[in-house]
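Starting from 1, each residue takes its place in the sequence as its number. Note that ligands are numbered from 1 as they come in the structure, with each ligand's atoms numbered from 1 the same way.
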Amino acid sequence: MSSLDALIDALKRLPGVGQKSAQRMAFHLLQHDRAAMQGLAQALRAAGEDIKHCQRCHTFSETELCAVCADPDRDARLLCVVESPADQAALERTASYRGYYFVLLGRLSPLDGIGTRDIGVAQLLDRAKEGVEEVILATSFTAEGEATAHVLAEALRARGIRSTRLARGVPVGSELEYVDLSTIAHALVDRR
Ligand code: ZN
């Protein structure tokens, strides 16, 4: 495979990028911005090497504990469960939540063979035992996100831990990371 084809193939792996856009990006970089190519290559390599998962909440972090988990001033009684580091970042941007997070590694999807073990439910149940009084289920409002919230709520209830769900208002079928901040903030305040 030529270097050009390899570059186009690599770009096509990004979400939302098809053959045409990948080609356009590749030609743009080659023709107009060789310096950006070097920067991109370096940033990709550094990110791949430096960014790991926070040991406590599993979001992305360059240190053992992410900035949120390392902050002792947050409310340890609240634990918010999200599907991805992107969702965690979206909630954090609303600045309306002062508790800690737990980032699932995806959501339940029996058809794709993704079960409770794959998304870290056991770790969540362990984490919830550490003085947490309310687990806020902020999985997405898609069929799979709802199913995941339901399974988690049952598992938590069986262990005597209270859980709440983000309020409606977040459009059905939507991923949290694409919802505007004030909508998320309201859904958080109106949780039930
Ligand atoms: Zn963390």
Side-chain angles (χ1 to χ4, degrees), residues 15 43-109 114-142 144-167 170 174-191:
L44 284 170
R45 179 167 297 118
E49 284 169 5
D50 300 343
I51 302 177
K52 316 249 185 306
H53 290 277
C54 168
Q55 293 196 345
R56 198 160 162 77
C57 74
H58 303 150
T59 197
F60 294 133
S61 177
E62 293 187 36
T63 44
E64 248 178 53
L65 290 184
C66 70
V68 173
C69 288
D71 180 356
D73 294 330
R74 299 194 64 125
D75 189 342
R77 293 168 302 180
L78 297 176
L79 186 67
C80 181
V81 179
V82 293
E83 281 173 15
S84 67
D87 288 352
Q88 191 256 359
L91 272 166
E92 195 56 18
R93 275 198 303 275
T94 67
S96 53
Y97 176 67
R98 289 299 302 159
Y100 291 99
Y101 294 94
F102 185 90
V103 180
L104 295 170
L105 304 171
R107 54 193 172 205
L108 293 175
S109 181
I114 299 172
T116 51
R117 187 178 302 210
D118 302 299
I119 64 171
V121 173
Q123 290 97 314
L124 167 63
L125 295 174
D126 280 347
R127 174 67 183 84
K129 280 188 241 157
E130 298 169 28
V132 173
E133 291 176 13
E134 177 188 350
V135 174
I136 301 159
L137 300 170
T139 51
S140 62
F141 286 88
T142 58
E144 288 167 352
E146 295 280 20
T148 303
H150 180 74
V151 167
L152 295 178
E154 291 297 313
L156 289 162
R157 185 181 309 155
R159 283 157 185 81
I161 302 163
R162 189 166 91 94
S163 69
T164 52
R165 181 82 170 112
L166 279 194
V170 175
S174 59
E175 308 278 348
L176 223 47
E177 67 174 296
Y178 302 119
V179 177
D180 72 274
L181 298 184
S182 66
T183 302
I184 299 178
H186 279 114
L188 198 54
V189 171
D190 296 337
R191 65 186 186 265

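When atom types are taken as modelled, the side chain of S84 and the backbone of D87 share a donor-acceptor pair closer than 3.5 angstrom.
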Side chain to side chain contact (heavy atoms under 4.5 Å, CB included) evaluation trace for L78 with Y97: CA-CA 9 Å; L78 297 176; Y97 176 67; 3.7 Å; yes
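The closest side-chain heavy-atom distance from L166 to F141 is below 4.5 Å. Annotation: side chain of L79 is in contact with side chain of L124 (closest heavy-atom distance under 4.5 Å).
C69 contributes SG and C54 contributes SG; the angle these two atoms make at the Zn ion (ligand 1) is 110°, rounded to 10°. Seen from the Zn ion (ligand 1), atom SG on C57 and atom SG on C66 lie at an angle near 110° (rounded to 10 degrees).
Metal site remark for the Zn ion (ligand 1): H58 contributes no N, O or S atom at a distance under 2.8 Å.
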